[in-house]
Amino acid sequence: MIAGAHPFPNGTLAKFLEDSFVSLRSAGMDIRTARIVMLTVIRYTFGCVIEEQADEHNWETLPERTINSGELTNIMEAIHVGGTDDENFMTGLKLIVAGGNEAMASDKFF
C-alpha cells in the first residue's frame, strides 16, 4: 500500500475503478452514488491495510492493569463481542454497501 496512489499513469487502479463503476451502475446506481461508494471503499480498505501493517499493539496486548482497571468498561465489552480483523473488515464493507443501497432507494440521500 502506498500513500498517494492514483489511477494514472499506471492504469491498474483505473481499470479496477472502471470495472467497479460498471458493476455498480449496471445494478442501478447513479454515477454520483457510485463515486462516493468507491471512494469510501477504497479509503476504508487502504486505512485498514495501513493500520494492520502498523499494528504493534492490539487488543490482545493490553496491559493487565488496563484490562482490570474498570475504567474502560465499554471498550472492554466491545473487545469481547468483536470478531477477528477479517470479520470486522467484512462487516465494515457490508455497512458501506448497505449505505449505497440505501442511497439508491432514496432520491433524497444526498
Side-chain angles (χ1 to χ4, degrees):
M1 193 62 55
I2 299 170
H6 297 281
F8 304 103
N10 181 312
T12 303
L13 185 54
K15 179 68 174 140
F16 166 75
L17 288 171
E18 183 63 24
D19 291 346
S20 299
F21 281 129
V22 167
S23 178
L24 292 171
R25 295 191 79 191
S26 69
M29 190 173 285
D30 65 275
I31 191 69
R32 183 175 182 196
T33 305
R35 177 183 178 273
I36 296 299
V37 168
M38 288 309 305
L39 285 172
T40 304
V41 166
I42 289 169
R43 290 175 179 166
Y44 172 74
T45 303
F46 284 10
C48 287
V49 169
I50 290 167
E51 284 301 315
E52 188 176 88
Q53 291 173 352
D55 193 14
E56 290 179 31
H57 306 287
N58 57 38
W59 300 115
E60 289 81 29
T61 63
L62 283 174
E64 196 65 31
R65 69 181 183 283
T66 302
I67 293 171
N68 295 321
S69 71
E71 296 177 17
L72 307 172
T73 55
N74 289 297
I75 292 174
M76 298 314 299
E77 184 178 353
I79 291 169
H80 293 300
V81 300
T84 66
D85 286 344
D86 288 342
E87 290 168 339
N88 294 333
F89 175 79
M90 290 306 297
T91 299
L93 282 180
K94 288 176 184 177
L95 287 171
I96 293 168
V97 170
N101 287 335
E102 178 73 21
M104 282 184 4
S106 172
D107 293 335
K108 299 177 183 178
F109 191 77
F110 292 107

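Heads up: numbering here begins at 1 and tracks the sequence. All values reported here derive from a predicted model rather than from experimental measurement.
Listed by chain and number, the residues in a side chain to side chain contact (heavy atoms under 4.5 Å, CB included) with Val22 are Glu18 (sequence neighbours excluded). By the side-chain hydrogen bond (donor to acceptor under 3.5 Å, both in side chains) test, Asn74 is found to be paired with no residue, residues two or more places apart in sequence or in another chain being considered. In terms of the side chain to side chain contact (heavy atoms under 4.5 Å, CB included) criterion, residue partners of Asn101 (sequence neighbours excluded) are, by chain and number, Val97, Met104. Every ring pair (Phe, Tyr, Trp, His ring centres under 6.0 Å) that Tyr44 has, sequence neighbours left out, goes to Phe89. Partners of Ser20 according to the side chain to side chain contact (heavy atoms under 4.5 Å, CB included) rule, which considers only residues two or more places apart in sequence or in another chain, are Phe16, Met38. In this view, Asp19 and Lys15 satisfy the salt bridge (charged side-chain N to carboxylate O under 4.0 Å, His left out) rule, not counting sequence neighbours.
Atom CD1 of Ile96 is separated from atom OG1 of Thr45 by 7.0 Å, given to the nearest 0.5 angstrom. Asn88 CG to Leu93 CG: the interatomic distance, rounded to the nearest 0.5 Å, is 11.5 Å. Rounding to the nearest 0.5 angstrom, the gap separating the CZ atom in Arg35 from the OG1 atom in Thr40 is 9.5 Å.
Between Gly100 and Thr33, the shortest heavy-atom contact is O-CG2, 4.1 Å. Closest heavy-atom contact between Val37 and Met29: CG2-SD, 4.0 Å.
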Item to check | Derivation and outcome, side chain to side chain contact (heavy atoms under 4.5 Å, CB included), residues Val49 and Gln53 | outcome: CA-CA 6 Å; Val49 169; Gln53 291 173 352; 3.5 Å; yes

